[in-house]
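Here is the structure we will look at, set down as structure tokens.
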Amino acid sequence: MNKRDFLKHATLFSIGGLILPSSILSSCREESLFEDINYQGKVLIIGAGAAGLYAGYLLQAKGIDFTILEASNTHGGRLGKLSGFADYDLDTGAQWLHGRNSILGDLAQQTNTEISIDNSELKYWFKGEIKSSLPKDPFIFENDNLSDISFLAYAEQQGFDNDYANIIEALAGDQGADASLLSAYWNYKDEENWISGDEDYKFAKSFYDLIHENIAKSIIGNIQYNSPVSHIDYTQEQIQVRDSFGNFYLADKLIITVPISILKLEEITFNPALPNEKTAAFSKIGMGPGMKVFLKFSAKFYEENLYGGDICAAYVDESEGKPGNDHVLLAFVMGHQAAYLSSLGSDSAITNALLNELDAIYGGQASSLFIASSVHDYTNKDFIKGAYSYSSIGMGNAREIAAQPINNSLFFAGEAMNTNGHHQTVHGAVESGYKAVMDLFKGIEK
């Protein structure tokens, strides 16, 4: 559903069956670096999301000793799969592959993973009616002399009045943010750097399966679950890591891949304290509330995609690109809308609020055809606490600073640390995991 207007191209190469990027992350020749490395030290990776899993996958390929410390009881981070709710699997987290010009695009092709272009039609709930088009197109922003103001303020400057408010929220929500918090300028600069392609793809099975089957499975033996890291001491030659249960781990190198929300909240402490420039960069990277609610119905009465709800700005037909016949509508909720629904306190209250809105739009059909719901509130997940990163007002080069290694010992990865425009995405997280490993390799004496 993202429309990327500024596209570049990257070359990918393969070594021993691994899919690696050769040009999008560094000017040096990483293929030579990857082939030549011979490291005998111990690496700890914090977090078994996409970035941590791919970093481990690369280290395993070189025979390097590593362990992934995962806070929860499962791997995948903001990836997850819901089976049995419908006659097809659902992605509880990330579900679209945004473009195919990436490590994961090549992995999908290499493994014959069934994906299809999402060409579903978008309609709007506007002034009490469902519209196929709008009087003024909110997708077209005039980018000349764009200043660092909020997405909402810029939309108002361009003449989008309150009738468009929920449409604007849907556009900002696609970027993981409230329209009042997302920077129009820095979001535009992100779009300029986007290189993976302008088509969005859906998985016949699930995005989770692509990562689990082809990356995670081979390194599961290196993952230690239920190990939330609370403290990192990098004052000595070996790094000492402590989890919240008092267990200690030693490492020569450390790759930190936790969500930016965890770093912003300082749920992991450091000795010595991280540089002020680093923590200031963390604070500038936004990450707001996010929720996915699957609503199953006995018949389809809704649009393929609908923007403009007051309770949920974006509804998506989950059956698109899937092999089954069940009717599942996704409420894709971000920002203050997600915070409001979360505040209702129960899955049933959240479901009822969404059904009431859909009843108002579709003349009571939602309640009469409703079968079941499944609520996934990432704001309340202990080790995630939000949706995905966005570029806030005053962002500047915060991602570059946040992603910089410290003392050739601490390396940072995760979608928020992606510096080539692919933050917010799984393939961007994977790219950041690759970059962290390459930075680690570069610092090793030959």
Q. Would you call the rings of Phe126 and Tyr164 parallel, tilted or perpendicular, where under 30° means parallel and over 60° means perpendicular?
A. tilted
Q. Does Thr92 use its side chain to pair, donor to acceptor, with the backbone of Leu82 at less than 3.5 Å?
A. no
(Q) Any salt bridge linking Asp91 with Lys81? Criterion: basic side-chain nitrogen under 4.0 Å from a carboxylate oxygen. (A) no
Q.
Heavy-atom count check: over 12 atoms from other residues, nucleotides or ligands less than 6.0 Å from Glu114 CD?
A. no
Q) Do Asp178 and Leu182 have side-chain heavy atoms sitting under 4.5 Å apart? A) no
Q: Identify the two heavy atoms, one from Ile167 and one from Pro138, that lie closest to each other, and give their separation to 0.1 Å.
A: CG2-CG, 3.8 Å
Q: List the atom of Ser367, the atom of Leu355, and the distance in Å for their closest heavy-atom pair.
A: OG-CB, 4.2 Å
Q. Under 6.0 Å from the six-membered ring centre of Tyr378 and within 45° of its axis: does the NZ or CZ of Lys381 meet both?
A. yes
Q) Rounded to the nearest 0.5 Å, what separation is found between the OG1 atom of Thr111 and the CG atom of Asn214? A) 4.5 Å
**Q.** Check: Asp190/Ser391 side-chain N/O donor and acceptor closer than 3.5 Å
**A.** yes
Q | Ser180 to Ile393 - nearest heavy-atom pair and separation | A | O-CD1, 4.4 Å
Q: Verify the distance criterion only: is there a donor paired with an acceptor across the side chains of His75 and His212 at less than 3.5 Å?
A: yes
(Q) Please verify the inter-ring angle class for Phe297 with Phe370; under 30° counts as parallel, over 60° as perpendicular, anything in between as tilted. (A) perpendicular
(Q) Among Tyr307, Trp96, Tyr302, exactly one meets side-chain contact (heavy atoms from CB on, under 4.5 Å) together with Val316. Which residue is that? (A) Trp96
Q.
Is it true that Tyr315 and Glu357 share a donor-acceptor pair across their side chains at a distance under 3.5 Å?
A. yes
**Q.** Main-chain N/O of Ile68 paired to Asn222 side chain as donor or acceptor, under 3.5 Å
**A.** no
(Q) Please check if the number of heavy atoms outside Glu320 that lie under 6.0 Å from its CD is greater than 12. (A) yes
(Q) What I want to check is whether the side chains of Glu318 and Gln95 have a donor and an acceptor closer together than 3.5 Å. (A) yes
Q | Trp186 ring center near His423 ring center (under 6.0 Å) | A | no
Q.
Does either side chain, that of Asp347 or that of Ser373, offer a donor lying less than 3.5 Å from an acceptor on the other one?
A. no
Q. Do NZ/NE/NH1/NH2 and the carboxylate oxygens of Lys435 and Asp439 come within less than 4.0 Å?
A. yes
Q: Would you check if Tyr225 and Ile220 make a side-chain contact, meaning some heavy-atom pair closer than 4.5 Å?
A: yes
Q) How about Asn101 and Ser196: does a side-chain donor come under 3.5 Å of a side-chain acceptor? A) no
Q: Determine whether Leu344 and Asn352 make a side-chain contact, defined as any pair of heavy atoms from C-beta on separated by less than 4.5 Å.
A: no
Q) Would you call Glu267 and Lys385 a salt bridge, using N to O less than 4.0 angstrom? A) yes
Q | Polar side chain donor-acceptor pair, Ser342 to Asp377, under 3.5 angstrom | A | yes
Q. Does a side chain donor of either Asn356 or Asp359 reach within less than 3.5 Å of an acceptor in the other side chain?
A. no
Q.
Working note: Lys123 + Glu304, criterion salt bridge (charged side-chain N to carboxylate O under 4.0 Å, His left out); need CA distance, chi angles, decisive distance, verdict.
A. CA-CA 8 Å; Lys123 292 189 178 180; Glu304 291 176 338; over 6 Å; no
Q. Arg399 side chain to Ala416 main-chain N or O, any donor-acceptor pair under 3.5 Å?
A. yes
Q: Please check if atom CG in Asn276 has more than 12 non-hydrogen atoms from other residues, nucleotides or ligands closer than 6.0 Å.
A: no
Q.
For a quick test of reading the model, state the closest non-hydrogen atom pair linking Pro275 to Ile406 and the distance between them.
A. CD-CD1, 3.8 Å
Q: Determine whether Ser183 and Ser392 make a side-chain contact, defined as any pair of heavy atoms from C-beta on separated by less than 4.5 Å.
A: no
Q. Do Val328 and Leu330 have side-chain heavy atoms sitting under 4.5 Å apart?
A. no
Q: Nearest 0.5 Å please: distance from the CD atom of Glu303 over to the CD1 atom of Ile361.
A: 9.5 Å
Q.
Parallel, tilted or perpendicular, judged at 30° and 60°: which one describes the rings of Phe85 and Phe294?
A. tilted
Q) Is there a side-chain contact between Leu329 and Val293 (heavy atoms, below 4.5 Å)? A) no
Q: Can you label the angle between the Phe301 ring and the Tyr362 ring as parallel, tilted or perpendicular, going by 30° and 60°?
A: perpendicular
Q: Measure the CD1-CZ distance between Ile211 and Phe207 for me, rounded to the nearest 0.5 Å.
A: 5.5 Å
Q: Give a yes or no on whether Glu400 atom CD has more than 12 heavy-atom contacts from other residues, nucleotides or ligands under 6.0 Å away.
A: yes
Q | Phe383, CZ atom: more than 12 neighbouring heavy atoms under 6.0 Å | A | yes
Q: Drop me the distance from Thr419's OG1 to Glu431's CD, to the nearest 0.5 angstrom.
A: 9.0 Å
(Q) Looking at Lys205, I'd like to know if its NZ atom is crowded, meaning that more than 12 non-hydrogen atoms belonging to other residues, nucleotides or ligands lie closer than 6.0 Å. (A) no
Q | Carboxylate-amine/guanidinium proximity below 4.0 Å for Asp163 and Lys127 | A | yes
Q) So, do His98 and His427 have ring centers that fall under 6.0 Å from each other? A) no
**Q.** Nearest atoms (heavy-atom pairs only) where Asn418 meets Ser432
**A.** ND2-N, 4.3 Å
Q. Got Ile311 and Tyr340 here, is their nearest side-chain heavy-atom distance under 4.5 Å?
A. yes
Q. Where do Leu69 and Ser227 come nearest, in terms of heavy atoms and distance?
A. CB-O, 4.1 Å
Q.
Taking Glu129 first and then Lys131, would you say they form a salt bridge - that is, a charged N and a carboxylate O separated by under 4.0 Å?
A. yes
**Q.** Any donor-acceptor N/O pair, Gln424 side chain to Ala387 backbone, under 3.5 Å
**A.** no
(Q) For a quick check under 3.5 Å, do Ser72 and Thr74 share a side-chain donor-acceptor pair by atom type? (A) no
**Q.** Min side-chain heavy-atom separation Ile46-Leu254 under 4.5 Å
**A.** yes
Q. Can you tell me if Glu415 and Ser389 form a side-chain donor-acceptor pair at under 3.5 Å?
A. yes
Q. What distance separates Phe412 CZ from Ile260 CD1, expressed to the nearest 0.5 Å?
A. 9.5 Å
Q) Hey, is the main chain of Ile195 close enough, under 3.5 Å, to the side chain of His422 for a donor-acceptor pair? A) yes
Q: Enter the distance from Ile219:CD1 to Tyr54:OH here, rounded to the nearest 0.5 Å.
A: 11.5 Å
Q | Distance-only side-chain donor-acceptor flag, Lys136 / Gln158, under 3.5 Å | A | no
(Q) Is it the case that the side chains of Trp125 and Asn166 hold a donor-acceptor pair, with the cut-off being a distance below 3.5 Å and no angle test? (A) no
Q) So, Asn305 and Ser120: side-chain donor and acceptor under 3.5 Å apart, yes or no? A) yes
